[in-house]
Amino acid sequence: MHHDRKALPVALVLALTLSPHGHAGVPPALDFELSDGARFVRLAALPERPTVVNFWRADCPPCLRELPLLAALASQGTARVITIALQRPSETANAPEHVLNALRPPLLALHGPSEPRGLLARFGNRSGALPHTVILNAHRHSCAHHSGEINAHWLQQQLALCAAQKAPSR
């Protein structure tokens, strides 16, 4: 009977390490469903392609400085760029004009939940520091992440490294 009690924790650990596809050792694909102000967007429903996800706020100077870089990347078309504002939509609407211009398509601008700690933690940011940028491969697995301001060199280097990584075995 003592042996049976040990089986439950082992089964629980195995269940927690399995991906949604049921394979041990493969991290689960990242997902969310957030609003762009007009509709809800689910990451898993978007076409598969490399994606840069950036968490920001309008009262964060480094966040504001990197948004034009992200808009330029989105315009190049080499990766999808999603920004997630961790603030009220009215706060985003009051951001400086250069920020509002950067938040236009093809960049996908979303708003995060009112309590973003869980979302940030899922995307590799347990401290809540902003800005926070995550690069996902086409299958929505994290390839790289960085808390703090990014630059063009880091972004291009990490996108190249992500593209060179083999997909997780399934």
Side-chain angles (χ1 to χ4, degrees), residues 19-20 27-163 165:
S19 76
L30 292 168
D31 200 8
F32 57 69
E33 185 170 348
L34 299 169
S35 175
D36 68 359
R39 63 189 168 100
F40 280 92
V41 175
R42 183 167 183 187
L43 181 58
L46 298 173
E48 289 188 350
R49 67 184 291 202
T51 301
V52 176
V53 179
N54 177 265
F55 298 90
W56 72 284
R57 288 184 53 92
D59 59 356
C60 164
C63 298
L64 301 181
R65 286 192 300 267
E66 66 186 20
L67 283 172
L69 169 67
L70 294 166
L73 177 66
S75 294
Q76 292 171 6
T78 55
R80 173 187 301 116
V81 178
I82 300 173
T83 62
I84 301 175
L86 300 178
Q87 61 197 9
R88 291 185 193 103
S90 61
E91 293 171 297
T92 301
N94 290 326
E97 188 174 342
H98 80 279
V99 170
L100 298 177
N101 289 336
L103 295 174
R104 293 190 177 135
L107 184 142
L108 182 55
L110 305 176
H111 281 90
S114 58
E115 179 46 63
R117 283 185 293 189
L119 180 63
L120 284 169
R122 274 189 287 149
F123 280 77
N125 183 350
R126 298 200 187 287
S127 70
L130 294 178
H132 183 71
T133 304
V134 181
I135 299 178
L136 306 175
N137 67 16
H139 304 290
R140 300 183 335 275
H141 291 92
S142 177
C143 301
H145 62 89
H146 180 76
S147 292
E149 189 172 352
I150 59 169
N151 59 41
H153 175 75
W154 181 87
L155 198 54
Q156 294 304 325
Q157 182 182 42
Q158 297 306 316
L159 282 166
L161 289 172
C162 186
Q165 285 182 357

Please check: side-chain N/O of [X] versus main-chain N/O of [Y], any donor-acceptor pairing under 3.5 Å?
| X | Y | answer |
| --- | --- | --- |
| Gln87 | Ala58 | yes |
| Thr51 | Arg49 | yes |
| Arg57 | Glu91 | no |
| Arg140 | Leu30 | yes |
| His141 | His139 | yes |

If you round to the nearest 0.5 Å, how far is [atom2] of [Y] from [atom1] of [X]?
| X | Y | atom1 | atom2 | answer |
| --- | --- | --- | --- | --- |
| Leu103 | Leu67 | CG | CG | 5.5 Å |
| Glu149 | Cys60 | CD | SG | 8.5 Å |
| Phe123 | Ser147 | CZ | OG | 13.0 Å |
| Glu115 | Leu86 | CD | CG | 10.0 Å |
| Arg88 | Asn94 | CZ | CG | 11.5 Å |

Give every donor-acceptor pair under 3.5 Å between a side-chain atom in residues 107-114 and any protein atom, sequence neighbours left out.
| residue | atom | partner | partner atom | Å |
| --- | --- | --- | --- | --- |
| His111 | NE2 | Thr92 | OG1 | 2.9 |

Do [X] and [Y] come close enough that some side-chain heavy atom pair is under 4.5 Å?
| X | Y | answer |
| --- | --- | --- |
| Trp154 | Leu69 | no |
| Leu73 | Gln156 | yes |
| Arg65 | Pro131 | no |

- request: Would you check, one step at a time, whether the test side-chain contact (heavy atoms from CB on, under 4.5 Å) holds for Cys143 with Leu161?
  value: CA-CA 8 Å; Cys143 301; Leu161 289 172; over 6 Å; no
What is the minimum heavy-atom distance between [X] and [Y], and which atoms define it?
| X | Y | value |
| --- | --- | --- |
| Gly128 | Leu120 | CA-CD1, 3.9 Å |
| Leu130 | Phe55 | CD2-O, 3.7 Å |
| Asp31 | Ala44 | OD1-N, 2.9 Å |
| Ala121 | Arg126 | CB-NH1, 3.6 Å |

- prompt: Among Ile84, Val41, Leu43, Ile82, whose side chain to side chain contact (heavy atoms under 4.5 Å, CB included) with Leu34 holds?
  reply: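 The single option meeting the side chain to side chain contact (heavy atoms under 4.5 Å, CB included) with Leu34 is Ile84.
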field: Any residue meeting ring-ring contact (aromatic ring centres under 6.0 Å, His included) with His98, in chain and number order, not counting sequence neighbours
entry: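 His98 satisfies ring-ring contact (aromatic ring centres under 6.0 Å, His included) with no other residue.
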message: Let's go through Asn125 and Val134 carefully: what are the C-alpha distance in whole Å and the side-chain angles of both, what is the deciding distance for side-chain contact (heavy atoms from CB on, under 4.5 Å) to 0.1 Å, and is it a yes or a no?
response: CA-CA 9 Å; Asn125 183 350; Val134 181; over 6 Å; no
message: Checking Thr133 against Asn54: is there a side-chain donor and acceptor pair closer than 3.5 Å?
response: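 There is such a pair between these side chains.
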